[in-house]
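Just follow the structure's listing: the first ligand is 1, and inside any ligand the first atom is 1. The structure presented is a predicted model; accordingly, all values stated were derived computationally and were not measured. Below, all heavy atoms of this structure are taken into account, side chains as well, without hydrogens, waters or symmetry copies.
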Amino acid sequence: MNDFTRAVGVEVPLICGPMFPCSNPELVGAVSKAGGLGIIQPLSLTHVHGHRLREGLQLTRRLADGKPLGLNALIESSSRAYHRRIVESVDVALEEGVRFFVTSLGKPDWVVERVNQVGGLVFHDVTDRRWALKGLDAGVHGLIAVNRCAGGHAGHKSAEELIDELGDLGVPLICAGGISTPAGFANALGLGYQAVQMGTRFIATDECRVSDAYQRAIVEAREEDIVLSERITGVPLALIRTPYVERMGLRAGPVARWMLRGRRRKRLMRLVYAVRASRRMKRASLDERGGQELWQAGRSVAGIDAILSAEEIVRQFAAATPTSAVE
Ligand SMILES: Cc1cc2nc3c(=O)[nH]c(=O)nc-3n(C[C@H](O)[C@H](O)[C@H](O)COP(=O)(O)O)c2cc1C
């Protein structure tokens, strides 16, 4: 055990990170049941996998055998309706017994305020010290250091640079990005991280409900096949280079770039991106014909050569946990 596993009540310092559109109750629940920590992505749960929020949370909890779960609050201020949905998801999760929250983007102070009332924990996604200080200012209890190898919105620093930069802040640090093997996990814990958050590795699992074509693409991709594209959300998003992605190009178009410059225009553009991206990614990840090949994955594809069960992954990583990291 280490401070993280003790505080959260899990056996293995391994998190299945939130993934829009890949987090489904079967995957999230299986990771927690096996002793890791599954994080629910509320928009993926409802918008992609068709569950009503409360029922989906309850289903995930049953699949997790009652073990701890987390919830992602992606704080995005581009629309009031979206903000209301996020606030609702945090409130319902607290009512349903969730005590661990992963916040990304924005200012997480309102999440911290609610979670502190029940003695839970908020860990904030950061890519450098400036964002870490903002998160700490809002009262978060730990930081998820998103490095440049991460799937989703990648950071711009290495795992080593981030531990140097954030190591003196006095809160637990979690490593996110580039890890898909037990050896990589052990190495991150050896660097001083309290836990590892993985995304890409968990997409290639029996429990993840994305299409076979997407899972096969992850197994077959090499590190060089991962590109960062601004075309989907306006900021670099890690994707597998496919003919579809090549046709689209990687840089935001001139109109989008102009829109992203002014403060009010930027809000509007981000709203356009959010709506368009969520539709496209939902369609592409579930489509068995593989016609749209818009598949998110990080450079950790390099270490993935088979589809495994989530339980098997947690078991392999548990066995690789260095004793020095968990005493
Ligand atoms: C397909 C995909 C979708 C993601 N969606 C989200 C998300 O909705 N919210 C979030 O905070 N992080 C998101 N992430 C980031 C992951 O939670 C995690 O930090 C990251 O995948 C770690 O890097 P790895 O893929 O190399 O393991 C996503 C990652 C992937 C691969």
Checklist outcome for this item: Here the atoms of ligand 1 under 4.0 Å from any heavy atom belonging to Ser300 are 24 (P), 26 (O)
Item to check | Protein residue, atom and distance nearest to atom 4 (C) of ligand 1, heavy-atom basis | outcome: Met19 CA, 3.4 Å
Checklist entry - Has Trp110 got more than 12 heavy atoms of other residues, nucleotides or ligands less than 6.0 Å from its CH2? => result yes
Item to check | Sidechain N-carboxylate O distance under 4.0 Å for Lys107, Asp109 | outcome: yes
Checklist entry - Can you check whether Arg299 has an N/O within less than 3.5 Å of an N/O in ligand 1? => result no
Checklist entry - Quick one: does Asn72 get a heavy atom under 4.0 Å from ligand 1? => result yes
Checklist entry - Under a 4.0 Å heavy-atom limit, does Cys22 contact ligand 1 with its side chain, its backbone, both, or neither? => result side chain
Checklist entry - Which atoms from ligand 1 have a heavy atom of Gln296 less than 4.0 Å away? => result 1 (C), 2 (C), 3 (C)
Next on the checklist: Just to be sure I read this right, does ligand 1 sit under 4.0 Å from the backbone of Gln41, its side chain, both, or neither, counting only heavy atoms?
Outcome noted: side chain
Next on the checklist: Out of all atoms in ligand 1, which are within 4.0 Å of some heavy atom of Ala176? Include the element for each.
Outcome noted: 19 (O)
Item to check | Salt-bridge present (Lys157, Asp164; N to O < 4.0 Å) | outcome: no
Checklist entry - When you look for heavy atoms under 4.0 Å from ligand 1, do you find them on the side chain of Cys149, its backbone, both, or neither? => result backbone
Checklist outcome for this item: Under 4.0 Å from one or more heavy atoms of Ala150, ligand 1 contributes atoms 23 (O), 26 (O)
Checklist entry - What part of Asp125 sits under 4.0 Å from ligand 1 if we count only heavy atoms: the side chain, the backbone, both or neither? => result side chain
Checklist entry - Are there more than 12 heavy atoms of other residues, nucleotides or ligands under 6.0 Å from atom CZ of Arg99? => result yes
Item to check | More than 12 heavy atoms from other groups under 6.0 Å of CZ on Arg280 | outcome: yes
Next on the checklist: Please check whether Phe20 reaches ligand 1 - meaning an N/O of the residue sits under 3.5 Å from an N/O of the ligand, judged on distance alone.
Outcome noted: yes
Checklist entry - Would you say Arg201 contacts ligand 1, with heavy atoms under 4.0 Å as the rule? => result no
Checklist entry - Relative to each other, are the rings of Trp295 and Tyr214 parallel, tilted or perpendicular (30° and 60° limits)? => result parallel
Next on the checklist: Only heavy atoms of Gln197, strictly under 4.0 Å: list the atoms of ligand 1 that pass.
Outcome noted: 17 (O), 18 (C), 19 (O), 22 (C)
Next on the checklist: Heavy-atom distances under 4.0 Å decide this one: backbone, side chain, both or neither, for Trp295 against ligand 1?
Outcome noted: neither
Item to check | Charged N-O contact under 4.0 Å between Lys134 and Asp137 | outcome: no
Next on the checklist: Would Gly178 count as a polar contact of ligand 1, with the cut-off being nitrogen or oxygen pairs under 3.5 Å?
Outcome noted: yes
Next on the checklist: With a 4.0 Å cut-off on N to O distance, would you call Lys33 and Glu311 a salt bridge?
Outcome noted: no
Item to check | Validation row: Ile240, Ile218 side chains within 4.5 angstrom (heavy atoms) | outcome: yes
Checklist outcome for this item: re atom 25 (O) of ligand 1, the protein heavy-atom contact at minimum distance is Thr200 OG1, 2.6 Å
Next on the checklist: Within the 4.5 Å heavy-atom criterion, are Asp225 and Val301 side-chain neighbours or not?
Outcome noted: no
Next on the checklist: Do Gln316 and Glu312 pair up side chain to side chain, a donor and an acceptor below 3.5 Å, judged on atom types alone?
Outcome noted: yes
Item to check | ligand 1 contact by Leu74, heavy-atom criterion under 4.0 angstrom | outcome: yes
